[in-house]
Colleague: 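Take this structure first; my questions come after.
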Amino acid sequence: MPLLFENLKETLKMSTIELSEQELIRRGSLQKLRDLGINPYPANEFKVNTTASQILTTFNPEEPNLQEVVFAGRLMSQRIMGKVSFGELQDDTGRIQIYISRDEICPGEDKTLYNEVFKKLLDIGDIIGVMGYVFVTQMGETTIHVKEFILLSKSIKPLPVVKEKDGKTFDAFTDPEQRYRQRYLDLIVNPHVKEVFLKRTKIINEMRTLFNERGYIEVETPILQPIPGGASARPFMTHHNALNIPLYLRVANELYLKRLIVGGFDGVYEFAKDFRNEGMDRTHNPEFTVMEIYVAYKDYNWMMDFTEEMIERVALALHGKTILTVGDKEIDFKRPFKRITMFDSILEFTGVDISKMDEQQLRETCTKLGIANDATMGKGKLVDEIFGEKCEGNYIQPTFITDYPVEMSPLCKKHRNNPELTERFELMVNGKELCNAYSELNDPIDQMERFQEQLRLSEKGDNEAMFIDLDFVRSLEYGMPPTSGMGIGIDRLTMLMTNSISIQDVLLFPQMKPEKRAEEDSADKFEELGIPAVWVEVLMKLGYKKVAQLKEVKPSKLFNDLCGYNKKNQLGIPNPAAEDVTSWLN
RNA sequence: GACUCAGUAGCUCAGUUGGUAGAGCACAUCCCUUUUAAGGAUGGGGUCCUGGGUCCGAGCCCCAGCUGGGUCACCA
């Protein structure tokens, strides 16, 4: 914390020397506006009465409506044609052209508002409000004829300028690092980005509507958990000062939702942020969103039907059809999805029947198939490896994989026909896991044994084995109705539904490495050496960013550099004496 | 983590066997009353990612590092 604070202090001290020419000009404009008595950041509410899309879709030039519009938006382009100007304003719904003529804005002798304010002191990126009427230009573009305008917020940093013509984009703002770090910029200049996030919201809303229609209750459960249960994953750790205990950011919310089923809610769901302290790549972000739902008196067969219904409905709500293009593939989300057991799947893709194998035989099979394995891996993990390696990637169309080995599903009820298996399914789409669901284990004795088995795995070296949550077991001892639960990765679902290649494209603020600034000392530190402020600025321009750096230079060279820079840039500062320069460095 | 590609103006990018740092847009000044990635003229703007090295001379070649992208591996 103190470190962050120090950095902030340094940053705030940054002088205008860091600013580009265009930024300096904009700050100059800001001052000129104030000098003209114009507040660049007014406090008043600005009541708009329309939006860009509303104007574009409803304006009727035959019987002109929209003759008194009040509109606000960001100025995205400005085209000045002498006494008349065009521009484009962008609001939440899109862009609309504006038309301004000097003599309407400035009916009297004083043309300052047009010549100075509109033409010179406004910049691309400024947010303005306009009052006027809608008409169609000779070029056929629906336009607001502006009778009055007001500056609502001045922008002092230039936007990337992206232009478009006939679907071709010019100078696109595409650098992924900048786009993700400065998502606000991405959203301003790349309209398709906003679309993705609107769709994401629509997906969530559609699911929520379905659950609410069924009478299931949306709940919130702890993010800070004393025992990070419900999934096999490495958690983030934190510490609670007052209680003086470690707390973990949740890796799942399953155990809490099932406690609620015990408590008498017959259907609960939560859109939950989960956190896993693992690698980051195109499909993994340290924090991600999962929807988990639990319904009493149901089993995993019912849940498969429900999951199909939910996903088909989302696809239809978003696209009006079930066949979507994802990358170079066409995926059909029409019900019903294919169903196959895990053993049959492995048999299909490897020709090996592993259904009767013990741990040793499985290990040999792995080796035979060229799959890395070691002594820490139990039966469940070995099967999981085979499936992950040989089968998973083949399921492009939505497919339910069912009946997982009991070892890899410690929270799942044993299969009604085979105690070696569990009543579990995962939904595979585009070669990736999308959903995971069980007939939930509600036998408390069995649950305790499964947890103990996890403990043994953990002692064997499996660092992902689950923690034991004794209170959860206690809740089961009071009796949980037979229940089916399902979890679905919202980020991955959104990637599929929006044809996004990377999880970063469906997260507004994906996790990034901290932005690094070049280290530099503040002006104060230079001034402490007795260097006048004007020369400190010159030193910075010359590339001396740290006091220590300065100490290594010969005074004579520094003296020459300073005087030379002064002369070359015609700063007109009186040169320092050579002795002064020497004294700074001592 | 491995391999690979990249880092040049506010943005998007050129840059010849190594020889004075470029374009378009943006910006500034001026001209222009319905333009369509708005036109014309002129102009300003650079730590060529950083640090070493080779060389008379490095944006370019070599080494190391930083940052990012991609692929693969790990996490699973």
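Remember, predicted model here, so these are calculated numbers, not experimental data. To find a chain, count down the sequence lines: A is the first, B the second, and so on, and within it residues start at 1.
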Colleague: For A:Pro405, what residues pass the side chain to side chain contact (heavy atoms under 4.5 Å, CB included) criterion, not counting sequence neighbours?
Modeller: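 A:Pro405: side chain to side chain contact (heavy atoms under 4.5 Å, CB included) contacts with A:Met342, A:Phe343, A:Val383, A:Glu407, A:Met408.
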Colleague: Counting heavy atoms from C-beta on, name the nucleotide in B:rU12, B:rU33, B:rG68 closest to the side chain of A:Phe173.
Modeller: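 Nearest to the side-chain atoms of A:Phe173, counting from C-beta on, is B:rU12.
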Colleague: Describe the nucleic acid contact of A:Gln97 in one word from base, sugar-phosphate, nothing, applying a heavy-atom distance below 4.0 Å.
Modeller: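 Answer is base: heavy atoms of A:Gln97 come under 4.0 Å of a base.
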Colleague: Using only side-chain N and O atoms of A:Arg282, determine if any of them is under 4.0 Å from OP1 or OP2 of B:rG69.
Modeller: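 A:Arg282 to B:rG69 OP1/OP2: no side-chain N or O under 4.0 Å.
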Colleague: Hey, which of these two, A:Ser77 or A:Gly82, hits RNA chain B nearer its 5' end, going by closest nucleotide?
Modeller: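 Closest to the 5' end, via its nearest nucleotide, is A:Gly82.
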Colleague: May I ask you to test the A:Ile401-A:Tyr395 pair for a side-chain heavy-atom distance under 4.5 Å?
Modeller: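 Yes; the side chains approach each other to less than 4.5 Å.
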Colleague: Return the value, rounded to whole Å, for the distance between atom CD of A:Gln178 and atom C1' of B:rG68.
Modeller: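 A:Gln178 atom CD is separated from B:rG68 atom C1' by 11 Å.
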Colleague: Quick one: A:Phe288 CZ to B:rC75 C1', roughly how many Å, whole number?
Modeller: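 Between C1' of B:rC75 and CZ of A:Phe288: 12 Å.
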Colleague: With a distance cut-off below 6.0 Å to the six-membered ring centre and an angular limit of 45° from the axis, does A:Arg424 pair with A:Tyr404 as a cation-pi contact?
Modeller: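 Flagged: A:Arg424 positioned over aromatic ring of A:Tyr404.
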Colleague: Residues of residues 131-143 of chain A with any non-hydrogen atom less than 4.0 angstrom from an atom of RNA chain B: list those, numerically ordered, please.
Modeller: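 Output list: A:Phe135, A:Thr137, A:Gln138, A:Met139, A:Glu141.
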Colleague: Taking atom CD of A:Gln31 as the centre, does the number of heavy atoms from other residues, nucleotides or ligands within less than 6.0 Å exceed 12?
Modeller: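 Above 12, so yes.
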Colleague: Indicate whether any N or O donor in one side chain lies under 3.5 Å from an N or O acceptor in the other, for A:Gln225 and A:Arg250.
Modeller: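 A:Gln225 vs A:Arg250: no donor-acceptor pair found between side chains.
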Colleague: Between the protein and nucleotides 27-31 of chain B, which nitrogen or oxygen pairs are less than 3.5 angstrom apart?
Modeller:
unit_1	atom_1	unit_2	atom_2	d
B:rC27	O4'	A:Gln22	OE1	3.4
B:rC30	OP2	A:Lys120	NZ	3.4

Colleague: Using whole Å, what does the distance between atom P of nucleotide B:rG69 and atom CD1 of A:Ile503 come to?
Modeller: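 Nearest whole value for this atom pair: 15 Å.
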Colleague: Classify the nucleic acid contact of A:Asp281 as base, sugar-phosphate or nothing, counting any heavy atom under 4.0 Å across all strands shown.
Modeller: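 Base contact - A:Asp281 has a heavy atom under 4.0 Å of at least one base atom.
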Colleague: More than 12 foreign heavy atoms under 6.0 Å from CD of A:Glu68: is that the case here?
Modeller: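 At most 12 heavy atoms, drawn from other residues, nucleotides or ligands, come within 6.0 Å of this atom.
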Colleague: Output the rounded distance in Å from CE (A:Met512) to C1' (B:rG68).
Modeller: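 Distance check: A:Met512 CE to B:rG68 C1' gives 8 Å.
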Colleague: A side-chain contact here means heavy atoms from C-beta on lying under 4.5 Å apart; do A:Tyr99 and A:Thr137 qualify?
Modeller: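 Side chain of A:Tyr99 against side chain of A:Thr137, heavy atoms only: no contact under 4.5 Å found.
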Colleague: Counting only heavy atoms not in A:Lys32 (residues, nucleotides, ligands), do more than 12 fall under 6.0 Å from its NZ?
Modeller: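 No - once you tally the heavy atoms of other residues, nucleotides and ligands closer than 6.0 Å, there are 12 at most.
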Colleague: Taking CG from A:Leu75 and P from B:rA26, how many angstroms apart are they, rounded to a whole number?
Modeller: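 Taking atom P of B:rA26 as the reference, CG of A:Leu75 is at 13 Å.
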Colleague: Classify the ring geometry between A:His145 and A:Tyr133 as parallel (under 30°), tilted (30 to 60°) or perpendicular (over 60°).
Modeller: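 Parallel: the ring planes of A:His145 and A:Tyr133 meet at under 30°.
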Colleague: Of A:Ile98 and A:Asn277, whose closest RNA chain B nucleotide lies nearer the 5' terminus?
Modeller: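 Whichever sits nearer the 5' end wins; that is A:Ile98.
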